[in-house]
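Beneath this line is the structure, given in structure tokens, with notes to follow.
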Amino acid sequence: MIYILTNEGRGLTVPHIVALINTYKLYVKKDGTPVTEAHVWRTIFVNPQIFVREGTIIHLLM
């Protein structure tokens with residue numbers, strides 16, 4: 001997600017982040033299924049030192 005947000009240069013919605021991750025296969029789960037919005041939200045919430053949420057838009061804190 002850091003790669004996506006850095007390259008876009010702006011905040012994105014979680015559905016957009018998920019679409020980019022799955023389209024470019026930036027992360028592949030062990031079982032081969034696509035990344036879900038729940039997976040991305042969990043990553044955001046457990047890493048408040050990296051990500052900040054403004055409404056539905058996710059930004060990098062750094």
Side-chain angles (χ1 to χ4, degrees):
M1 284 191 315
I2 293 172
Y3 175 80
I4 290 171
L5 291 169
T6 301
N7 283 343
E8 288 291 321
R10 61 188 171 94
L12 299 172
T13 63
V14 169
H16 193 180
I17 293 169
V18 169
L20 290 171
I21 289 170
N22 290 327
T23 298
Y24 297 110
K25 299 193 185 321
L26 299 175
Y27 182 83
V28 179
K29 292 172 27 179
K30 288 181 185 180
D31 63 3
T33 59
V35 171
T36 64
E37 287 186 25
H39 186 116
V40 171
W41 277 116
R42 181 183 183 288
T43 302
I44 292 164
F45 283 114
V46 299
N47 293 291
Q49 71 280 11
I50 299 173
F51 303 103
V52 64
R53 190 177 117 200
E54 290 181 355
T56 60
I57 305 296
I58 308 303
H59 297 276
L60 286 176
L61 192 57
M62 338 185 225

Is any side-chain heavy atom of [Y] closer than 4.5 Å to one of [X]?
{"X": "Leu60", "Y": "Met1", "result": "no"}
{"X": "Ile17", "Y": "Ile21", "result": "yes"}
{"X": "Thr36", "Y": "Trp41", "result": "no"}

Task: Lys25 atom NZ: more than 12 heavy-atom contacts under 6.0 Å - done: no
- [ ] State plainly whether one hydrophobic cluster holds both Val46 and Ile50, where clusters connect Ile, Leu, Val, Met, Phe, Trp and Tyr through side-chain heavy atoms under 4.5 angstrom apart.
- [x] no
Task: Verify same cluster id: Val28, Ile2 (apolar side-chain graph, 4.5 Å) - done: no
Task: Summary of ring-ring contact (aromatic ring centres under 6.0 Å, His included) pairs that have at least one residue in residues 5-37, sequence neighbours excluded - done: Tyr27-His39
Open item on the list: Among Asn7, Ile4, Leu5, Val35, exactly one meets side chain to side chain contact (heavy atoms under 4.5 Å, CB included) together with Leu20. Which residue is that?
Closed with: Ile4
- [ ] Identify the residue among Ile44, Ile57, Thr56 that makes a side chain to side chain contact (heavy atoms under 4.5 Å, CB included) with Val14.
- [x] Ile44
Task: Test item: Asp31 side-chain N/O and Thr33 main-chain N/O as donor-acceptor pair under 3.5 Å - done: yes
- [ ] Would you please name every residue forming a salt bridge (Lys or Arg N to Asp or Glu O under 4.0 Å) with Glu37, sequence neighbours left out?
- [x] none
Task: Members sharing Val52's hydrophobic cluster (side chains within less than 4.5 Å) - done: Leu61
